[in-house]
Undergrad: 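The structure under discussion is supplied below as structure tokens; questions concerning it will follow.
Because only heavy atoms are used, hydrogens play no part in the values below, and waters and symmetry mates are left out as well, while side chains stay in. This is a predicted model, so every value here is computed, not measured. Position 1 is the first residue of the sequence; numbering continues from there.
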Amino acid sequence: MGKNRSFTHTRNRRSEAGNAFLFILLGVVLFASLSFVMSRGFGTEGTSKISDRRAELAASEIMTYAQRIQRAVNRIRSKGISESDISLEFDGNFVNADCDENTDTHFPTCQVFHTQGGNVNEQEPPEGVNEGESWHFTGSTCIGDCDGSSTADEELLLVLPNLEDNVCEFINRKLETNSIPSATGTYSTTAFTGSFSNDTEIAIASGPFDAICYSDGTDNHLYYTLIKR
């Protein structure tokens, strides 16, 4: 009889230990699932997807900044400064040698990111929208029906490359387009430093658009026309 009680006691302890292990394992699984859901919802470093709420706010910030730069460019041109003398020098890049120092005729009123010029503060894109890539300015891309034999139809573009899908979608909603259109061609990586050149063209079947976030078949890119030519 004593042996039976000992066997039963031992079996109960094993059962309790098994149940405790099961509860611990269940807790680990639930914690991992919760962590995954939170990382998908709020976005973390190393996570390519950001929440729709953050994407919508980022899209508003991007478009506001692009519009501010466009107004600054127009303000500079209204002072009689030519498009080739405009400087979009940003973070040490896009330096226009004709608008870079005091010896230049229109300096510093020809600089977009100067209080006496366009009066726009330098600002990096919102965090998490495109893996940390910065703004790009180019005068070497034609939008739509392009001549190809002259530089007269190359636009001055602001580009924000490699955007997340939901950021791109929210941008296009603000532009009254409900999808991400596919494009033939893509933007030129040639930096605008005062001159225009033939390089690439962007053709969208439902376009042309003065601004749109499009897919080149691999990534999404926003272009925003600062000077239409």
Undergrad: Does the distance from a Lys or Arg side-chain N to an Asp or Glu carboxylate O, for Arg77 and Glu83, drop under 4.0 Å?
TA: yes

Undergrad: Examine distances only and state if a side-chain atom of Asn166 and a backbone atom of Ile50 form a donor-acceptor pair shorter than 3.5 Å.
TA: yes

Undergrad: Counting N and O atoms only, with roles assigned by atom type, does the side chain of Thr177 sit under 3.5 Å from a partner on the main chain of Ser179, one being a donor and the other an acceptor?
TA: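 Not a single qualifying donor-acceptor pair exists.
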
Undergrad: Fit a plane to each ring of Phe94 and Phe137, take the angle between them on a 0 to 90° scale, and name the class: parallel (under 30°), tilted (30 to 60°) or perpendicular (over 60°).
TA: perpendicular

Undergrad: Begin from the C-alpha positions of Asp91 and Trp135 and carry the test side-chain contact (heavy atoms from CB on, under 4.5 Å) through to its verdict.
TA: CA-CA 10 Å; Asp91 197 24; Trp135 311 100; over 6 Å; no

Undergrad: Got a sec, which hydrophobics cluster with Phe107, joining ILVMFWY side chains under 4.5 Å apart, including via others?
TA: none

Undergrad: Hey, what do you get for OG (Ser134) to CG (Leu160), rounding to the nearest 0.5 Å?
TA: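 Output value for this atom pair is 8.0 Å.
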
Undergrad: Would you find a donor on one side and an acceptor on the other, under 3.5 Å apart, between the side chain of Asn96 and the backbone of Ile86?
TA: yes

Undergrad: Below 4.0 angstrom, N of the basic side chain to O of the carboxylate: do Arg229 and Asp153 qualify?
TA: no

Undergrad: Would you mind listing the cluster partners of Leu157? Hydrophobic ones only (ILVMFWY), side-chain contacts under 4.5 Å, chaining allowed.
TA: Ile143, Val159, Tyr187, Ile202, Ile204, Phe209, Ile212, Tyr214, Tyr223

Undergrad: Evaluate the criterion side-chain contact (heavy atoms from CB on, under 4.5 Å) for residue pair Glu154 and Ser197; output intermediate values, then yes/no.
TA: CA-CA 7 Å; Glu154 313 302 310; Ser197 63; over 6 Å; no

Undergrad: Do any N or O atoms from the side chain of Asn162 and from the backbone of Asn130 form a donor-acceptor pair under 3.5 angstrom?
TA: no

Undergrad: Checking Asn172 side chain against Glu169 main chain: does a donor-acceptor pair fall under 3.5 Å?
TA: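 No; judged by distance alone, with no hydrogens or angles, the pair does not exist.
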
Undergrad: For the hydrophobic clusters of this structure (ILVMFWY residues joined by side-chain heavy atoms under 4.5 Å, transitively), does one cluster hold both Leu158 and Phe170?
TA: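 Different clusters.
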
Undergrad: Check whether any side-chain N or O of Arg173 sits under 3.5 Å from a backbone N or O of Asn178 as a donor-acceptor pair, and report yes or no.
TA: no

Undergrad: Have His114 and Asn119 got a donor and an acceptor in their side chains that come within less than 3.5 Å?
TA: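 Looking only at side-chain atoms, Asn119 and His114 do not form any donor-acceptor pair under 3.5 Å.
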
Undergrad: What pair of heavy atoms forms the shortest contact from Thr151 to Asn198, and how long is it?
TA: CG2-N, 3.9 Å

Undergrad: Quick one: does Ser188's side chain have a donor or acceptor within less than 3.5 Å of a partner on Thr200's backbone?
TA: no

Undergrad: Find the distance between CG (Asp165) and SG (Cys213) and round it off to the nearest 0.5 Å.
TA: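 These two atoms lie 8.5 Å from each other.
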
Undergrad: Tell me whether Ile62 shares a hydrophobic cluster with Ile180, the cluster being built from Ile, Leu, Val, Met, Phe, Trp, Tyr side chains joined at under 4.5 Å.
TA: no

Undergrad: Shortest non-hydrogen contact from Val129 to Pro126?
TA: CG2-O, 3.3 Å

Undergrad: How far apart are the C-alpha atoms of Phe113 and Glu89, what are their side-chain angles, what is the distance that settles it, and do they pass the side-chain contact (heavy atoms from CB on, under 4.5 Å) test?
TA: CA-CA 7 Å; Phe113 301 104; Glu89 183 175 342; 5.9 Å; no

Undergrad: Would you check if Arg68 and Gln123 make a side-chain contact, meaning some heavy-atom pair closer than 4.5 Å?
TA: yes

Undergrad: Side-chain contact, heavy-atom cut-off 4.5 Å: Thr141 with Glu201?
TA: no

Undergrad: Are any non-hydrogen side-chain atoms of Val120 and Tyr65 less than 4.5 angstrom apart?
TA: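 Yes - at least one pair of side-chain heavy atoms lies under 4.5 Å apart.
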
Undergrad: Would a distance-only check, ignoring hydrogens and angles, find a side-chain to backbone donor-acceptor pair under 3.5 Å from Asn220 to Cys168?
TA: no

Undergrad: Which heavy atom in Ser215 sits nearest to a heavy atom in Thr218, and how many Å separate them?
TA: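 Looking at all heavy atoms of both residues, the shortest contact is OG-N, 4.3 Å.
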
Undergrad: Hydrophobic clusters here meaning ILVMFWY residues chained together by side-chain heavy-atom distances under 4.5 Å, can you tell me if Ile227 and Leu88 are in one?
TA: yes

Undergrad: Is there a side-chain contact (heavy atoms from CB on, under 4.5 Å) between Glu61 and Leu57 once you walk through the steps?
TA: CA-CA 6 Å; Glu61 184 178 334; Leu57 293 172; over 6 Å; no

Undergrad: Assigning hydrophobic clusters by single linkage (Ile, Leu, Val, Met, Phe, Trp, Tyr; side-chain heavy-atom cutoff under 4.5 Å), is Met63 placed with Val73?
TA: yes

Undergrad: Taking Asp100's backbone N and O only, do any of them form a donor-acceptor pair with Asp104's side chain (distance below 3.5 Å, no angle check)?
TA: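 Indeed, once roles are kept as given, a pair shorter than 3.5 Å links the two residues.
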
Undergrad: For Lys174 and Ser60, which I'm curious about, is there any donor-acceptor pair between the side chains at under 3.5 Å?
TA: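 Checked: Lys174/Ser60 side chains pair up, N/O donor to acceptor below 3.5 Å.
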
Undergrad: Does Arg54 reach the main-chain N or O of Glu127 with its side chain, forming a donor-acceptor pair under 3.5 Å?
TA: yes

